There are 2 protein chains.
Amino acid sequence: MNGHPKHLPADERRAATVEAMVDLAAEQNPSDITTTAIAQRMGLTQGALFRHFPSKDAILEAVISWVAERLLARVDKAAEGATSPIAALEAVFVTHIEFVSEHPGVPRMLFGELQRPGETLPKRMAQTLIRHNGERIRGLLEAGKTRNELHADLDPDAAATLFIGTVQGLVVRSLLAGDVTRIRSDAGGVFAIYLRGIGTVQ
Amino acid sequence: MNGHPKHLPADERRAATVEAMVDLAAEQNPSDITTTAIAQRMGLTQGALFRHFPSKDAILEAVISWVAERLLARVDKAAEGATSPIAALEAVFVTHIEFVSEHPGVPRMLFGELQRPGETLPKRMAQTLIRHNGERIRGLLEAGKTRNELHADLDPDAAATLFIGTVQGLVVRSLLAGDVTRIRSDAGGVFAIYLRGIGTVQ
DNA sequence: CACAAGAAAGTAATCTATTACTATCTATCC
DNA sequence: GGATAGATAGTAATAGATTACTTTCTTGTG
């Protein structure tokens, strides 16, 4: 007879909503996630969500903000702690792999947002997040060139694209195997090829 | 007053349905494509589709069959015409890029199918298609090793994963730019890095 | 004229969002 | 320190739209 769950402050409910959505995105196509499913995961009724968010898209916006803060912060921290651009690049890669392992639904969500027709706010937010992330990677690649750790003729744009592709390839592989842990176990071998590709000798 | 379009044989309507779905997938999230949208694109009413297909999933199955036939045939043809495993790999890459440029919705569709929960037929078909494609690539990589065109210590599984990731990275980049033609123009630079990664000297 | 293909309208299910009401928390006042 | 008022956060029900799919009516064609 648990008619009413404990009241929580709005902030915490909003955070819990984001987490529920991120969790659900790991289990199914993000664009198929309903507000009913989100509420059920939180132990609430569907209508209660709309007391904290004006629309479903507003929930999506909150999720993308959440991802942007967490991912970029971890990426920056990983890059700062490294002694060279290449070491930073590897640390950033590990950060990506760990983040995607913890939240496999996130790349699917961002990727899915990019495909939406028209100009929605969550779509623009996903675009800027992915762009900012790409700029950080390209920055490391250019720093690696100026320090002669990378081939002088390396195209940083292409290398940044392949960096993202490296992660995406691992995601596809884990989806095929139906086993998220493969992302971590396969990451080393794939990144080794990438590293050689951009011109580092181990 | 074009109330009734010309009658077509069932086969051609089925083929046109597949093409309409592939076209629509290039413009929006494939899982958001409705039967109404497909019919509208064909100049038909929504109900008319169910005269040729028993369900929406049956349409999806037809689309994946279509992709499997066309893509794998083109991949095999590209590989056959090459004089060495590495040349074949590059031809196969070009084939992928051309195919994805012509039908940008296809990878999104296959990728999306993998995310569906449960065990549906279209999902299994997408899995086998991607697996078969991956096996062809891995086969070329192994042939390259035995012919000493590739590093002896290359991990073919990892290299095949990165091959797929190379294409995926280009797809993401084109989505970000909102410009499909970028796939083709950016492909060369990215593949050059991949080639150096798997151990070929140019 | 008979038939197959499509139009048109309908159905049941599902989804987002809203509404009217109810429970819980918090702070104030005597 | 309880009682209590006001604000906050919840439920249940439902409206309005949309979806996949069905059924029935209509028409062009062989």
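Residue numbers start from 1 in every chain, and the chains themselves are labelled A, B, ... in the order their sequence lines are given, proteins ahead of strands. Every value quoted in this text rests on a predicted model; they were computed, and no experiment measured them.
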**Study point:** Neighbours of DNA chain C within residues 48-57 of chain B, by heavy-atom distance under 4.0 Å
**Key:**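 Per residue number, the list reads B/Ala48, B/Arg51, B/His52.
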- Please, which pairs that meet salt bridge (Lys or Arg N to Asp or Glu O under 4.0 Å) have at least one residue in residues 165-183 of chain A, sequence neighbours excluded?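 Those involving residues 165-183 of chain A are A/Arg173-A/Asp186, A/Arg182-A/Asp186.
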Counterpart residues, side chain to side chain donor-acceptor pair (under 3.5 Å), relative to [X] (two or more places apart):
| X | result |
| --- | --- |
| A/Ser31 | A/Asn29, B/Ser31 |
| B/His132 | none |
| B/Asp32 | none |

Sugar-phosphate only, base, or nothing, as touched by A/Thr34 at under 4.0 Å among non-hydrogen atoms:
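Sugar-phosphate contact only - A/Thr34 comes under 4.0 Å of backbone atoms but never of a base.
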Item checked: Expected output: side-chain A/Lys145 to main-chain A/Ala152 donor-acceptor under 3.5 Å ->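 Checked: pair present.
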Please state how far atom [atom1] in [X] lies from atom [atom2] in [N], giving the value in whole angstrom units.
| X | N | atom1 | atom2 | answer |
| --- | --- | --- | --- | --- |
| A/Leu8 | C/dT26 | CG | C1' | 15 Å |
| B/Gln40 | C/dG6 | CD | P | 17 Å |
| A/Gln46 | D/dA9 | CD | C1' | 16 Å |
| B/Asp11 | C/dA4 | CG | P | 16 Å |
| A/Lys6 | C/dT22 | NZ | P | 25 Å |
| A/Arg13 | D/dG10 | CZ | C1' | 9 Å |
| B/Ile33 | D/dT19 | CD1 | C1' | 15 Å |
| B/Glu12 | C/dG6 | CD | P | 11 Å |

Anything under 3.5 Å between a donor and an acceptor, one on a side chain of residues 103-111 of chain B, the other on a protein residue two or more places apart or in another chain? List them.
residue	atom	partner	partner atom	Å
B/Arg108	NE	B/Pro104	O	3.4
B/Arg108	NH1	B/Ala25	O	3.3
B/Arg108	NH1	B/Ala26	O	3.4

B/Asp157: partners by salt bridge (charged side-chain N to carboxylate O under 4.0 Å, His left out), with sequence neighbours left out: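 Counting only residues at least two positions away or on another chain, B/Asp157 forms a salt bridge (charged side-chain N to carboxylate O under 4.0 Å, His left out) with B/Arg138.
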Review item, side-chain donor-acceptor pairs of residues 55-73 of chain B, under 3.5 Å, at least two apart:
residue	atom	partner	partner atom	Å
B/Ser55	OG	B/Ala58	N	3.2
B/Lys56	NZ	B/Ile33	O	2.7
B/Asp57	OD1	B/Arg116	NH1	3.4
B/Asp57	OD2	B/Arg116	NH2	3.1
B/Ser65	OG	B/Glu61	O	3.3

- Message: Tell me whether the side-chain N/O atoms of A/Thr35 come closer than 4.0 Å to OP1 or OP2 in C/dC15.
- Response: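 For C/dC15, neither OP1 nor OP2 has a side-chain N or O of A/Thr35 closer than 4.0 Å.
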### Task
Strictly below 4.0 Å, heavy-atom distances to any atom of DNA chain D: list the hits from residues 17-30 of chain B, or just say none.
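The answer is none.
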**Q.** B/Arg74 with B/Glu102: basic N within carboxylate O range, under 4.0 Å
**A.**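 Looking at B/Glu102 together with B/Arg74, the answer is yes, because their closest N to O distance falls below 4.0 Å.
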